[in-house]
Amino acid sequence: MKLKNNALFIADSHYNKQRTVLLDLLMDIESGKVKTEQLILMGDIFDFLSSYVPYFVKINKTVIDLINKISENIEVIYFEGNHDFLLERTFPNAKVYKREQQPVFIEHEGKSIALSHGDIFTPFGYNLYTYVLRTKWLLKFLNIFDINNIITKKIDKALMNKEICSCYEGFNDKIEQRLKLYKADLVIEGHFHQNVLNENYINLPSLFCDRQYVIYKQRRFILVSI
């Protein structure tokens with residue numbers, strides 16, 4: 001991976017039928033109203049999406065098709081999050097980084113940059129949970145019992161009712177911990193929805209909560225409001 005000028009970062013839009021700001025931004029990118037040569041999706045772009053859960057592929061089809069259309073002309077890089085995973089089949093033209101491949105380290109203008117969705121460096125229990133959840137045979141097995149989408153519709157409703165925008169008390173201490181774990185000159189991650197930009201650490205804004213994204217232009221990471 002190589003960071004390009006005018007790269008556009010989107011994180012934590014948690015797209016569903018009630019949180020549609022992602023669709024508006026993607027339409028502007030596809031039309032050329034918002035210009036970029038590199039679209040970097042930093043995880044939890046959808047409230048839930050996996051290639052092996054047909055219901056969520058179906059209800060997110062409009063956005064999936066739009067991302068695939070954009071990827072025909074613009075480089076699309078997708079860092080899987082804790083809400084969207086096993087996506088290579090759904091986005092064949094994108095470069096998809098699974099959780100176990102993160103962080104991704106790149107060298108840029110003499111600095112090491114670490115990128116990830118952010119749900120890494122976590123306790124054993126969480127790691128086991130995410131491993132099991134990403135097991136293809138388990139998802140296929142559960143689909144057998146999802147008669148008339150009774151299970152997936154309940155999950156969808158629960159996620160829509162979940163409050164995702166909040167302030168993380170003591171987040172400055174969290175930043176110091178994260179920097180020690182990543183061991184890079186600059187860390188870029190999402191997941192925490194805290195919208196922090198400084199010289200060594202960027203916690204990308206939640207597109208839904210803050211209605212903002214980040215663009216890299218003229219050697220600077222810049223917040224852009226919608």
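Just so you know, these numbers come straight off a predicted model, no measurement behind them. Scope of the values below: all heavy atoms of this structure, side chains included, with no hydrogens, waters or symmetry mates.
Here Leu197 sits in one hydrophobic cluster together with Met1, Leu3, Phe9, Ile40, Met42, Ile77, Phe79, Tyr97, Val104, Ile106, Ile113, Leu115, Leu186, Ile188, Ile202, Leu204, Val214, Tyr216, Phe221, Leu223; the rule is ILVMFWY side chains under 4.5 Å apart, joined directly or through other members.
Partners of Tyr213 by side-chain hydrogen bond (donor to acceptor under 3.5 Å, both in side chains), not counting sequence neighbours: none found. For His191, the side-chain hydrogen bond (donor to acceptor under 3.5 Å, both in side chains) partners two or more places apart in sequence, or in a different chain, are Asn82, His117. The side-chain hydrogen bond (donor to acceptor under 3.5 Å, both in side chains) check on Thr36 picks up nothing, with sequence neighbours excluded. For Phe171, the ring pair (Phe, Tyr, Trp, His ring centres under 6.0 Å) criterion is met by Tyr168, Phe192, not counting sequence neighbours.
Residue pairs meeting the salt bridge (Lys or Arg N to Asp or Glu O under 4.0 Å) criterion with at least one partner in residues 118-133, sequence neighbours excluded, are Arg99-Asp119. Sorted by first then second residue, the disulfide (SG to SG under 2.5 Å) pairs that include residues 57-156, not counting sequence neighbours, number zero. Listed by first then second residue, pairs satisfying disulfide (SG to SG under 2.5 Å) with a partner in residues 45-116 number zero, not counting sequence neighbours. Judged as a salt bridge (Lys or Arg N to Asp or Glu O under 4.0 Å), the pairs with a partner in residues 164-186 (not counting sequence neighbours) are, in order, Arg178-Glu189. Listed by first and then second residue, the disulfide (SG to SG under 2.5 Å) pairs involving residues 139-169 are Cys165-Cys209 (not counting sequence neighbours). Sequence neighbours left out, not one pair with a member in residues 158-167 passes salt bridge (Lys or Arg N to Asp or Glu O under 4.0 Å).
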Show the atom names and distances, to 0.1 Å, of all donor-acceptor pairs under 3.5 Å that link a side chain in residues 59-72 to residues at least two apart or in another chain.
residue: Asn60; atom: ND2; partner: Phe48; partner atom: O; Å: 3.2
residue: Asn60; atom: ND2; partner: Phe56; partner atom: O; Å: 2.8
residue: Lys61; atom: NZ; partner: Asp65; partner atom: OD2; Å: 2.6
residue: Asn68; atom: ND2; partner: Ile64; partner atom: O; Å: 3.4
residue: Asn68; atom: ND2; partner: Thr90; partner atom: O; Å: 3.1
residue: Lys69; atom: NZ; partner: Glu30; partner atom: OE2; Å: 3.4
residue: Ser71; atom: OG; partner: Asn68; partner atom: O; Å: 2.7

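Annotation: cation-pi pair Arg19/Phe46 absent, no NZ/CZ under 6.0 Å from the ring centroid and within 45° of its normal.
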